[in-house]
Structure formats: C-alpha cells, structure tokens
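Treat the numbers as computed from the prediction; the structure is a model and nothing was measured. Nothing fancy with the numbering, it's 1 onward along the sequence.
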Amino acid sequence: MTNNVVFITGASSGIGLATVKYFVEKGWQVAATMRNPAAADELRQLKGVNIYQLDVTDPAAIGLVVDRVFKDFGQVDVIINNAGYGAVGPFEGAGEEALFRQLNTNFLGTTRVISAFLPHFKKQKAGTIINLSSIAGRLALPLYSVYHASKFAIEGFSESLWYELRPFNIKVRLIEPGPIRTEFNGRSRVDLVASGAEYEGFVRKVDTFYNDLFKRAESADVVVKTIYKAAVQGGFRIRYPAGYRAKALLLFHKILPGIMFRWIVRFMLKI
Ligand SMILES: NC(=O)c1ccc[n+]([C@@H]2O[C@H](COP(=O)([O-])OP(=O)(O)OC[C@H]3O[C@@H](n4cnc5c(N)ncnc54)[C@H](OP(=O)(O)O)[C@@H]3O)[C@@H](O)[C@H]2O)c1
C-alpha cells in the first residue's frame, strides 16, 4: 500500500464506487463518502478504505468530515468531487426548488468540499482537485438545461480556480465523460415535468433517443481510468474527456459551426 490518500464524494454507486475500488487496487488509501453508509457493504470489505457519511448539500457536515479524514489519514493528496445527479425535462417543469436542488448538489456541493480542503492543501503545499464535469459542461443538448447549468458552472469555476491555485502547487482537473452506464439515467435521474401537454411529443422523441444512447453507453471503467490518470499525472493539464463518445462529440462540437451542430442534433433527435 502507498501513502497516497484520495477523498471522494458520492461513493455509493456508479463512477464513485468503481473509482474507490480502482484506487484500492492501485494501493491507495481511500476516504469514501456517501449519503447512506449503511449500504456500503462491498466497500467495507476493502482494506485501506474508511467510509464517512456525507451529503454535499450539508455545509456543516463537510467541515466535520474533512477534519475527521485528516485526523484518520494525516494527509489527503487528491479529492474527487463526484456526487451528482441529472434533472431532465423542460425548464418550465423545473421551478425554483428543482433548479436550486440541482445547483446545490452538483455545483455548490463541489465548491463546499473544495473550500473545506483548501486550507489543508495550502498547508501541504500540494493537492489535486478533480471535479466530475461532463461533455454537458462543454456543449448543450435538449431537455438538460438545468443539468447543463450545473456542469457549465463547474467548468467555468474550475478553469478560473486553476489560475489562482497554481501558485500554491494545487492542481485543478475536470473529467468530462459522455454517456456512461450507471444509475445516472435510472435511480439518479429526476424528471422535470411541465404541466399541460405542450411538450409531450418533444419529450417523447428526445427521451427515446437518450434512453437508447444510455443502453449503448460505455461502462464506468473508462471514466475511472481517466480519473486515475488525472490523479497521478504531473503538470497542470486541466481537461480530461473520458470515453470515445465524449472525445468524438467534443471534437465535432469544436470543428463544426454552431448552426450545423444544432442542425445535426435536431435531425438525429427528430425535433
Ligand atoms: N453516467 C453518466 O452518463 C455521466 C456522464 C457525465 C458525467 N457524469 C457525472 O458523474 C458523476 C457520478 O455519476 P454516476 O454516473 O456515477 O451516477 P450514479 O451511479 O447515480 O452516482 C451518483 C452518486 O452521487 C451521489 N449523490 C447524489 N446526491 C448527493 C448528495 N447530495 N450528497 C452526496 N452524494 C450524492 C449518489 O448517492 P446516493 O446513492 O445516495 O444517491 C451516488 O453515489 C455525477 O457528477 C454525474 O453528473 C455522469
């Protein structure tokens, strides 16, 4: 086992759970946080993993957990802001509460964890912050307006932070997966439903496309390996697209004029 320590949010399923297992395989010690540790039987069997209860929307709890982690491990080298979910549907179906909840978890949760770690990383004169963004932080598709807002926020926030933390030898990285087969399009998907029937046909067409896309999506492995690369790589690279779909889509988005990209999306989704 190495002395390297990684801290991660949302370790109960999907990318988070697979990431914990991979870092353990590589000999790291892991502070795995999740909302419901009672369901962490699989992780409890692993050597070098400490499990902590943490909801990233609870600011008071974050400080306490981070202090506890430093008491238990003495240092933390890498933090992974992974906790998140997707609100999907017409913006009119969101309302203030659903919009705030999405930003509170995906974006503010990330900023809170970083705030709690910064004094420690500055004292250590080192640290790596890995934020789970998405291709949804770089380009926009229909019915994901609220989720896009949270991931575009993470992108801009992280890029700005990259400059100001570099002099402290603190690295800021963004992981940008495409569609990945996890609980994200299942248990972690929150449907936004607009009243009335105006959006019904549109939602049906777009949903059919997305459901099909997620059925053929890549496994969490590609993201996990990308996260690990971001954790161990030297230098200050910021963006790590994860998976061939993410790389292809980001490339198309970069080289095609916006008007053409949007036409292709409308054509493919039949909207
Ligand atoms: N799957 C994809 O296609 C995809 C693509 C691009 C980016 N991502 C990003 O990857 C990250 C992980 O998603 P995933 O695909 O692994 O989905 P997942 O299997 O649904 O995992 C999401 C994790 O976030 C946790 N979580 C949600 N709200 C939380 C909160 N308030 N506090 C703490 N934990 C919370 C969930 O915990 P519970 O078990 O308690 O619900 C779960 O552990 C997310 O940030 C997502 O936006 C996913």
Side-chain angles (χ1 to χ4, degrees), residues 7-10 14-16 33 35 54-59 61-62 66 78-118 121 127-166 170-180 182 184-185 188-192 210 223 226-227 230 236-242 246 249-250 253-254 258 261-262 265:
F7 169 100
I8 182 164
T9 63
I15 293 166
T33 72
R35 287 193 287 198
L54 185 63
D55 183 327
V56 297
T57 63
D58 181 352
I62 293 175
V66 171
V78 176
I79 62 171
I80 303 170
N81 284 301
N82 166 72
Y85 72 93
V88 191
F91 170 65
E92 270 199 280
E96 181 80 13
E97 202 188 314
L99 179 60
F100 176 70
R101 210 187 129 220
Q102 177 76 103
L103 294 171
N104 195 22
T105 302
N106 292 14
F107 174 57
L108 294 177
T110 295
T111 66
R112 289 183 191 111
V113 171
I114 293 172
S115 295
F117 272 98
L118 277 184
F121 278 2
T128 299
I129 296 165
I130 297 181
N131 295 332
L132 259 292
S133 175
S134 165
I135 54 164
R138 303 279 300 281
L139 56 87
L141 296 170
L143 298 186
Y144 272 97
S145 60
V146 173
Y147 180 69
H148 282 305
S150 73
K151 294 296 184 184
F152 269 66
I154 287 180
E155 289 272 339
F157 166 76
S158 303
E159 187 164 333
S160 179
L161 211 59
W162 180 92
Y163 291 103
E164 71 192 54
L165 297 183
R166 200 186 152 117
I170 298 170
K171 301 179 177 91
V172 180
R173 319 271 212 208
L174 285 157
I175 307 296
E176 299 168 334
I180 301 295
T182 61
F184 186 75
N185 197 44
S188 292
R189 174 177 154 149
V190 172
D191 284 318
L192 307 174
Y210 287 151
V223 186
T226 308
I227 292 174
F236 284 84
R237 175 175 168 188
I238 180 166
R239 289 192 165 83
Y240 293 76
L249 257 168
L250 288 172
H253 187 254
K254 191 172 169 183
F261 186 85
R262 290 190 295 278
V265 171

I'd like to know if the side chain of [X] reaches the main chain of [Y], judged simply by a donor and an acceptor atom lying under 3.5 Å from each other, with no hydrogens or angles considered.
X    : Y    : answer
T105 : G84  : no
K151 : L132 : yes
R35  : G10  : no

Closest contact, heavy atoms only, [X] versus [Y]:
X    : Y    : value
A116 : I62  : CB-CG2, 3.8 Å
G16  : N82  : CA-ND2, 3.4 Å
A246 : A242 : CB-O, 3.4 Å
T9   : T33  : CA-OG1, 3.1 Å
V146 : A94  : CG2-CB, 4.0 Å
T226 : Y240 : CG2-CB, 3.6 Å

Do N131 and S158 have side-chain atoms, one donor and one acceptor, less than 3.5 Å apart? yes

Modelled atom types, side-chain donor and acceptor of N104 and R112, under 3.5 Å: yes

Evaluate the side-chain proximity of [Y] to [X]: yes if any heavy-atom separation is below 4.5 Å, no if none is.
X    : Y    : result
Q102 : Y85  : yes
I129 : F121 : yes
I135 : L250 : yes
V223 : T182 : no
H148 : L141 : yes
E176 : R138 : yes
F117 : N81  : no
V88  : N185 : no

More than 12 heavy atoms from other groups under 6.0 Å of CZ on F91: no

Which distance, rounded to the nearest 0.5 Å, do you find between the CD1 of I154 and the CG of L161? 12.0 Å

Using 0.5 Å steps for rounding, measure from the OG1 atom of T128 to the CD1 atom of I80. 10.0 Å

What I want to find out is whether E159 reaches R239 closely enough, with some N-O distance under 4.0 Å, to be called a salt bridge. yes

Report yes or no: is the cationic atom of R189 (NZ for Lys, CZ for Arg) under 6.0 Å from the centre of the six-membered ring of Y147, at an angle within 45° of the ring normal? no

Please report the C-alpha distance between I79 and I114 in whole Å, then the side-chain angles of each, then the deciding distance to 0.1 Å, and finally whether the side chain to side chain contact (heavy atoms under 4.5 Å, CB included) criterion is met. CA-CA 8 Å; I79 62 171; I114 293 172; 4.3 Å; yes

The single option from S150, S133, S134 passing side-chain hydrogen bond (donor to acceptor under 3.5 Å, both in side chains) against N106: S150

Please step through side chain to side chain contact (heavy atoms under 4.5 Å, CB included) for the pair V190 and R101, ending with a clear verdict. CA-CA 11 Å; V190 172; R101 210 187 129 220; 4.0 Å; yes

